[in-house]
Each structure stands twice: as C-alpha cells, then as structure tokens.
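To start, the structure itself, in structure tokens.
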Amino acid sequence: MPGHVHIVGGGLAGLSAAVELAGGSERISVYEAGPACGGRARSYLDRQLGCRIDNGNHLLLSGNPAVYRYLGLIGAQDTLVGPKRPVFPFVDLADRLRWTLDLSRGRVPLWVLSKRRRVPGMRLAELRGLMALMEATPDMVVSDCLQPGSLARRLLEPFAISVLNTMPDTGSAALLGAVVKESLARGGRNCLPRFPAVGLSESFVDPALDHLSVLKAEVRTGSRVSAVEMVDGSVAALHVGDERIAMGPNDTVIMAVPAPVAASLLAADLPGFSAPDEFESILNVHFLLPDAPVLTGGLAQARFIGVVGGISEWVFVKDRILSVTVSAANRYATRDLDELAAIIWNEVRAAIDPAATAPMPVAMPPLRIVREKRATFAATVQQDRLRPGTRTMAPNLLLAGDWTATGLPATIEGAIRSGAAAAQAVHARRNTPGRPEQ
C-alpha cells in the first residue's frame, strides 16, 4: 500500500530524493527550515551589492553522473556551461608563472608528454602520486601518496584542498582517490569543467521545485523539524513547530539535513547512529566590478582560473562579478576579514590582469564576504569512518546528505547520489521499481 515519504531538509540531497520519488505512488512532503531550498548550493539577491550571487562556488565536471541524471529529470541539463575542451588555466603567484592544463579527451594521458599542456616543471615520475591516490587504503592521508615536485605543489595539492575542503596532511587519500578514478583516470571527456550559466538556484533548485510542483509533491519552507518522536525503534512522529505529524505504517522519513542537525535530532534515541563532528569552513569573496572584463586566452575559454601560492584558490568570472573561493578556511579563522579581502583583491588583480584587455581597478571594488563556518565535514580518515549509510536501525528512517557514506567527499555529486540512494531504499522497502536509468 502506498505511503507518505517525509523528507526533512530541502538541500540538494533532499531535493534529489524528492525528484526521484515524485510521480510515483508515494505521497511526498519536503520540510525545509529556511525560507528557501538549496542549502549550500543556492543563489540569492545580495542587497549590499544590488545583484544576485551564489552563496558559494561549485566547479562540476562533465563526468558527474548523478548531477546530470538529476538535471535530466528536472529538465535543466542544458543550464550548465563551460569550455569545449578539458582546460584548466592556472597562475602561480609565487613564481609569476601562468599555464593552462590541457587534458587529453581520451583515457590515454597524452597531455603528460607535452610541456605546453602539462604542469610546468613536473617530472613524469611524479605521476606515481596519482596511482598511489587511486590505490590508497582508508587509513592513508593525501600527503602519504604525493611525490615531491611541481605536479604536487601546482596541481594535486590545490586539487586536494578544493575537492576535500581539507588540507593534504590530514585529508583522506581514499576519498580523493575516488574522485581521481571518476575524473582524470577516465580521460578528459569526463573532466570538462561545468558551472551554472546563470546561478546555482537557476540550475539545481528552481527547476526542481517546478518539477515537484507539477507532480504534486509538497514543499514546505519555513518548516523546521524540532523533534523526531521514536516509539519501539521506529519514527512515530515529526514535530514541526506546534504541529505533530504522525507516521502511518507505510510512511518513511528521509533525514536530509546537515550532520549536526541530524545528530541533534537522532543521536539520543537512535541506536548505532554516528555522524562526522568536525567541520571545515569555506570563504567566498564576491567582488562587483564597474564593467564586465574582456578576457583573452585560456581564461576567456574557461571563465575561471586556479591560483597557486596565495590565499585565493579559484577565481570565477561571472559577468561583472569576480567570485573567489578559499577552501579549508579554518586556517584563516583568526584573520581579520577586511585584511583578507584586501590581500585577495591584490591576488585577483595579479591573476586576471595579464589575461584581460584592461587592468582591474587598483582600489578594491564593492564586495560581499560569505564565510560558511561548517561548509563540509572535515574529510579526514577519522571523520570518514563516522559517516553513516543510508539505512538506519529504525526501519522507517533513512539518511541522506553529502556527509553520509557516499564514497565521495562532500560534493554536489555526493549529495545528489545520497538522495537517489535514499529513494532507492524507499522503493526497496515497498518492493516497487525505481526510476529507470537514463
């Protein structure tokens, strides 16, 4: 008999589960505590800048299967854009060196044989570091795998920090290796950089909400679940404000909230529950230029650049917005934000000016600093062991979120996979078929 699936959390994990289930026999309700869905992957109107910005920057890849399945289901697969080739421009601020990593489209890594296409100064022997990452055991950290040299300093270490949001000396080599297996190891066709043409909400959130509305799924924003009532090892009710929502015998709860929220709601009454409890921050700085820059070379093609040797890590060019990401930002927690912004602006000028037809303003333009203190779980060996699976000891309670055991770090791809896994578990509980693979 069909039941009611209650999805707690309207981030990408919760939306992914809802999209997979909507249109089936189950009734779907999504409860989002905030005023808007999307979690850490959404857009909003910034009143200080007077324009719409993303709350963070996310660089996706053409080989992210869960992302493209999700976008296909909601009719938004054409909203991601990016270069036609797997190119990644970089600048090393310390050495004043610029290059564009130009990967081979196929699995055979011919790019490593061309000095024009590879990392400057790298030795072929350093590629053993990539093999070591793909073969890493769960107790190894990234630094255990890397060979000293330019490939590590100018590519693999920055790559690790941005993917894991954790420093290489503590970051899990196995988690980074899983990403390498799904990207570099599969060739450049799987490494085409992709990002929203307009914004995160326009790609991942708004089309999903429209899709769910058409399929009569209920989405309730401003609806914080304050308690989960457990009876005889199962969820008996959810408490949303003054409302008690009782569970029927065929109902299921998918808990798709951040790890700290899940722990506060479940840890006391759910045997065997565990979740990561250490977190890393991300710092994003959005600069509003008087005019959109006119770019040349690899930067014009990619619309972003990786930065080595500074505080900045990635600079994205979005019309008049220059958006900078600093990952693993706990190391800067005690630094003054105005001081950091001034340093970052000088780094942006050094990164962008040589590839622009006109220099950036010397004076720092209007800006918005967004610091997400608990952006992701710390992707360490110890924290990875705390990540729970989809199913719990409660037969009618499932978990979703990038902090669950997806096999990947805390990424959009991982979040969407976790929601799809929860949806599959609902179908398995009902012995009903899920959506066919596309």
Side-chain angles (χ1 to χ4, degrees), residues 1-39 41-42 66 69-76 201 204-226 228-229 234-241 243-258 261-262 265 390-392 394-402 404 415-438:
M1 181 178 177
H4 190 165
V5 180
H6 303 267
I7 301 172
V8 184
L12 291 192
L15 291 178
S16 170
V19 164
E20 290 282 348
L21 293 166
S25 59
E26 308 279 352
R27 181 183 169 193
I28 309 298
S29 293
V30 179
Y31 307 91
E32 167 56 38
C37 291
R42 60 182 176 84
R69 173 181 169 82
Y70 171 81
L71 293 177
L73 290 174
I74 63 177
S201 287
F204 289 95
V205 183
D206 297 342
L209 296 178
D210 291 342
H211 176 81
L212 294 174
S213 176
V214 168
L215 295 178
K216 308 302 182 184
E218 178 187 33
V219 178
R220 296 173 50 175
T221 56
S223 299
R224 182 180 300 277
V225 172
S226 57
V228 178
E229 186 179 323
S234 294
V235 178
L238 299 176
H239 291 261
V240 181
E243 182 182 5
R244 181 182 183 272
I245 302 172
M247 297 296 110
N250 294 312
D251 293 353
T252 305
V253 174
I254 298 176
M255 190 64 61
V257 294
V261 178
L265 293 172
T390 303
R391 291 177 172 82
T392 70
N396 64 344
L397 175 64
L398 303 168
L399 301 177
D402 60 13
T404 60
I416 291 175
R417 285 190 193 184
S418 74
Q424 291 169 3
V426 171
H427 290 303
R429 186 174 180 230
R430 300 283 182 271
N431 293 315
T432 57
R435 288 187 183 272
E437 292 295 329
Q438 294 190 331

Practice problem: List the steps and the verdict of side chain to side chain contact (heavy atoms under 4.5 Å, CB included) for C37 and T221. | Solution: CA-CA 7 Å; C37 291; T221 56; 4.1 Å; yes

Quiz item: Excluding sequence neighbours, so at least two apart, what forms side chain to side chain contact (heavy atoms under 4.5 Å, CB included) with A425?
Solution: T390, R391, L398

Quiz item: Does the side chain of V219 reach to within under 4.5 Å of the side chain of L15, using non-hydrogen atoms?
Solution: no

Quiz item: Any side-chain heavy atom of L12 sitting closer than 4.5 Å to one from Y70?
Solution: yes

Exercise. Check whether any side-chain heavy atom of V426 lies under 4.5 Å from a side-chain heavy atom of E26, and answer yes or no.
Key: yes

Quiz item: Can you name the side chain to side chain contact (heavy atoms under 4.5 Å, CB included) partners of T404, sequence neighbours left out?
Solution: P388, L399, T406, S418

Quiz item: Taking C-beta and beyond as the side chain, do I74 and F204 meet within less than 4.5 Å on heavy atoms?
Solution: no

Quiz item: ring pair (Phe, Tyr, Trp, His ring centres under 6.0 Å) with H4: which residues, sequence neighbours excluded?
Solution: H6

Quiz item: Stepwise, does the side chain to side chain contact (heavy atoms under 4.5 Å, CB included) test hold for M255 with L265?
Solution: CA-CA 10 Å; M255 190 64 61; L265 293 172; 3.9 Å; yes

Quiz item: Distance-only, no hydrogens or angles: does the N396 side chain make a donor-acceptor pair with backbone N or O of V235 under 3.5 Å?
Solution: yes

Self-check item: Closest heavy-atom pair and its distance - S201, P207
Solution: O-CD, 3.5 Å

Quiz prompt | Atom of A394, atom of S234 and distance for their closest heavy-atom approach | solution = CB-CA, 4.3 Å

Quiz item: Between A17 and I254, which heavy-atom pair has the shortest distance, and what is it?
Solution: CB-CD1, 4.0 Å

Quiz item: Does the S226 side chain pair with the main chain of V240, one donor and one acceptor, at a distance under 3.5 Å?
Solution: no

Quiz prompt | Donor-acceptor contact present, side-chain T392 to main-chain L397, <3.5 Å | solution = yes

Quiz item: Got E218 and I28 here, is their nearest side-chain heavy-atom distance under 4.5 Å?
Solution: no

Self-check item: Any residue meeting side chain to side chain contact (heavy atoms under 4.5 Å, CB included) with A423, in chain and number order, not counting sequence neighbours
Solution: E20, L21

Quiz item: Can you pull the salt bridge (Lys or Arg N to Asp or Glu O under 4.0 Å) pairs that have at least one residue in residues 243-253, sequence neighbours excluded?
Solution: R220-E243, E229-R244

Quiz item: Under 3.5 Å, side chain of E32 to main-chain N/O of G10, donor-acceptor pair present?
Solution: yes

Quiz item: At their closest point, which heavy atom of A18 faces which heavy atom of V30, and how far apart are they?
Solution: CB-CG2, 3.8 Å

Quiz item: Excluding sequence neighbours, so at least two apart, what forms side chain to side chain contact (heavy atoms under 4.5 Å, CB included) with A66?
Solution: E413, I416, R417

